[in-house]
Undergrad: 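Got a structure for you, questions after.
Numbering of ligands and ligand atoms starts at 1, following listing order. Note that the numbering runs from 1 along the sequence shown for the chain.
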Amino acid sequence: MASIGDISGNEAALARQAEILSQPLTAERVMANAIRALTIDSVETAKCGHPGMPMGMADASTVLWKQFLKYDAADASWWDRDRFVLSAGHGSMLLYALLHLSGYEGMGIEQLKTFRQLHSVAAGHPEYHEHPAIEMTTGPLGQGLATAVGMAMAERLLAAKFGKSLVNHRTYVIAGDGCLMEGVSHEAGALAGHLKLNKLVVLWDDNRISIDGGTEMSVSEDPLKRFANYGWATKRVDGHDFEALQAALAWAQRSTRPVMIACKTIIGFGAPAKAGTAGSHGAALGGAEAQAAKLALGWPHLPFHVPAEVYKDWHEAGSRGAGTRRAWLKRLAKHPQRAEFERVMAGKLPEGWVEAMSAYKASLTETRPKLATRQASQKALEVLVPAVAELVGGSADLTGSNLTLVKGMAGASADNFAARYIYYGVREFGMAAAMNGLALHGGLIPYGGTFFVFSDYMRPAIRLAALMRVRAIHVLTHDSIGLGEDGPTHQPIEHLASFRAMPNVLVLRPADAVETAEAWEIAIRNTTGPSLLVLSRQAVPALRLVANGCKSARGAYVLAEAEGKRAATIIATGTEVALAMEARAKLAAEGIQVAVVSAPSFELFAQQDAGYQAEVLGNARRIGVEAACGFGWERWLGADGVFIGMTGFGASAPAEILYEHFGITEAAIVAAVKKEGN
Ligand SMILES: Cc1ncc(C[n+]2csc(CCOP(=O)(O)OP(=O)(O)O)c2C)c(N)n1
Ligand SMILES: [Mg+2]
């Protein structure tokens with residue numbers, strides 16, 4: 001008998017496969033074969049897709065969905081369901097087949113027939129908004145796993161708050177070799193191990209094949225040992241042995257640590273020639289091989305036909321959780337915290353927070369503090385954190401710089417999840433992915449801090465948040481050359497432009513304490529994607545002296561109108577608004593009247609009607625000022641506009657020297673206005 005360690009080569013895989021296929025078909029194997037057959041049919045119909053992974057993991061998924069996963073196909077949005085994340089998102093047909101077979105509405109056979117076609121819910125990779133049971137968008141390898149860590153954290157945090165009669169579920173992940181090769185698996189795995197997220201269970205599709213071939217070409221470590229070292233409980237099983245899988249998953253339920261089960265599988269299981277090879281990873285098997293695979297699997301049915309008795313078994317699995325869900329609903333109905341639980345899970349903001357912020361903003365116009373906007377952000381948080389109980393903060397080891405922690409917030413630890421702050425460690429990507437998971441889980445609004453320049457390390461997670469329209473708030477401090485001496489490695493230049501280019505991302509760069517408070521209000525209300533609060537290290541004067549309404553909500557507004565006809569309009573963001581105001585005063589003293597427009601958010605301004613935009617931008621020549629690259633500013637400045645900012649990387653020196661050195665000065669603005677005026 002071939003041992004499970006012997007299946008890395010195609011020959012060994014085929015021998016092992018033949019041995020398994022020679023065994024009598026069990027009901028479970030037939031259920032798994034339904035996944036394989038639907039995968040084959042959908043991929044053949046689309047003439048593209050990834051059959052290998054669903055065919056390899058069909059057995060393990062069947063055991064999970066039949067016996068362990070807590071779900072009720074009648075209600076995809078049951079709050080206390082187990083979360084299932086297909087981190088190896090290329091194997092999307094596995095998820096679609098599971099949803100179809102277990103009886104979810106909205107994933108009928110017609111959907112599988114249109115796999116990968118325009119407007120099909122069965123898109124190439126699982127897309128969050130396509131079906132309510134798709135917990136997140138996956139495809140960028142590793143991120144499913146890292147996001148699932150956030151979901152598992154959310155479960156712990158909410159269980160600590162509402163009790164386990166309401167919150168008591170697991171997060172299951174299927175991850176491939178690729179997910180574990182990705183760097184983010186290190187960050188996420190280490191964080192989960194540290195926090196002892198024992199209700200997180202990862203099934204590793206240990207087929208040792210990726211696109212280029214066998215993983216031995218590029219991998220020498222043992223991922224199980226790596227995860228064991230992070231503090232995970234680990235186990236190896238034959239991924240085609242139902243009893244072994246069942247025993248491993250039963251063992252996982254009792255774990256006091258996060259669990260990784262390496263399921264030794266044969267990629268493309270069932271395909272007579274391509275099984276065990278990269279050839280089954282990402283292309284249709286082809287007519288002859290597809291036919292032969294069905295024959296080998298003992299699946300004699302027409303394409304897309306699943307016999308009634310197989311549906312019956314699957315529907316039983318899909319409704320297995322119905323009683324548990326009903327019992328949960330009863331508990332919820334009489335739970336003393338029911339209203340609050342329902343509010344946070346529905347993503348509704350509490351009462352009173354708007355009034356608290358209004359009072360705070362009014363106090364700012366009295367005290368007119370000169371503060372760095374990162375400090376102003378902390379002051380806003382001092383109001384928001386008590387008022388918005390679902391806020392969960394954190395930082396990637398820069399708490400004292402990002403100023404993300406406020407009084408009364410305990411840090412979460414393995415022993416204490418009655419907490420509202422996460423020390424993510426120096427793991428920006430892991431943090432941003434976990435924040436997505438916290439938000440996707442529901443019940444929490446995550447914010448997290450790092451230096452703006454290190455948004456580069458988080459970009460893939462911010463992009464997924466944007467694609468999924470997830471409410472995650474990033475507190476990005478040290479936003480320009482204004483951070484000074486740390487130099488060009490730490491000075492963001494192209495970041496504003498790059499995030500303004502990313503759809504569904506709201507970039508907010510406030511100019512003073514009032515605008516920072518407004519930015520927070522906008523971010524908390526923004527449910528259509530991530531918000532980036534881009535904040536300064538250095539102090540700025542109070543510029544907004546009246547705080548009625550939320551002017552920043554229009555993206556840009558006239559902060560100071562010209563006394564009379566505008567000779568020019570100076571448009572600035574963040575710390576450069578103060579410079580613009582100084583230049584305005586200087587010019588006024590010389591009888592030249594200019595308007596200053598503060599533009600904290602290009603995205604919000606772009607959404608305003610043409611009339612408002614025209615009124616703000618005016619007819620006079622425009623000068624844009626921002627200590628960053630000018631890419632994208634032409635949109636507001638017009639053909640004869642002038643941009644004052646950066647054209648290359650920064651340098652290491654005190655901030656004032658750098659502003660002088662790079663010519664971002666009051667004098668430069670004055671000169672630009674005068675030049676234009678002539
Ligand atoms: C971040 C990222 N890099 C690259 C890819 C392209 N890609 C998709 S699947 C894959 C190989 C994954 O191998 P594995 O996880 O072992 O999947 P299997 O072939 O076993 O299905 C690659 C490189 C991707 N989807 N995401
Ligand atoms: Mg693989």
Undergrad: Classify the side-chain pair Asn10/Thr277 by whether it contains a donor and acceptor separated by less than 3.5 Å.
TA: no

Undergrad: Less than 4.0 Å between a side-chain N and a carboxylate O, is that true for Glu216 and Arg208?
TA: no

Undergrad: Determine, using ring centers only, whether His194 and Tyr230 are less than 6.0 Å apart.
TA: no

Undergrad: If you take the centroid of each ring, where Trp contributes its six-membered ring, are His441 and His169 closer together than 6.0 Å?
TA: yes

Undergrad: Is the Phe454-His490 ring centre distance short of 6.0 angstrom?
TA: yes

Undergrad: Phe499 ring centre to Arg459 NZ or CZ under 6.0 Å, with the angle to the axis within 45°?
TA: yes

Undergrad: Between Arg36 and Asp41, is there a side-chain N and carboxylate O pair less than 4.0 Å apart?
TA: no

Undergrad: Quick one: how many protein N/O/S atoms are under 2.8 Å away from the Mg ion (ligand 2)?
TA: 3

Undergrad: Under a 4.0 Å heavy-atom cut-off, what residues line ligand 1?
TA: Met53, His90, Gly139, Pro140, Leu141, Gly176, Asp177, Gly178, Glu182, Asn207, Ile209, Ser210, Ile211, Ile267, His281

Undergrad: Would the distance check show the side chain of Ser22 and the main-chain N or O of Glu19 forming a donor-acceptor pair, the cut-off being under 3.5 Å?
TA: yes

Undergrad: What I want to find out is whether Arg500 reaches Glu494 closely enough, with some N-O distance under 4.0 Å, to be called a salt bridge.
TA: no

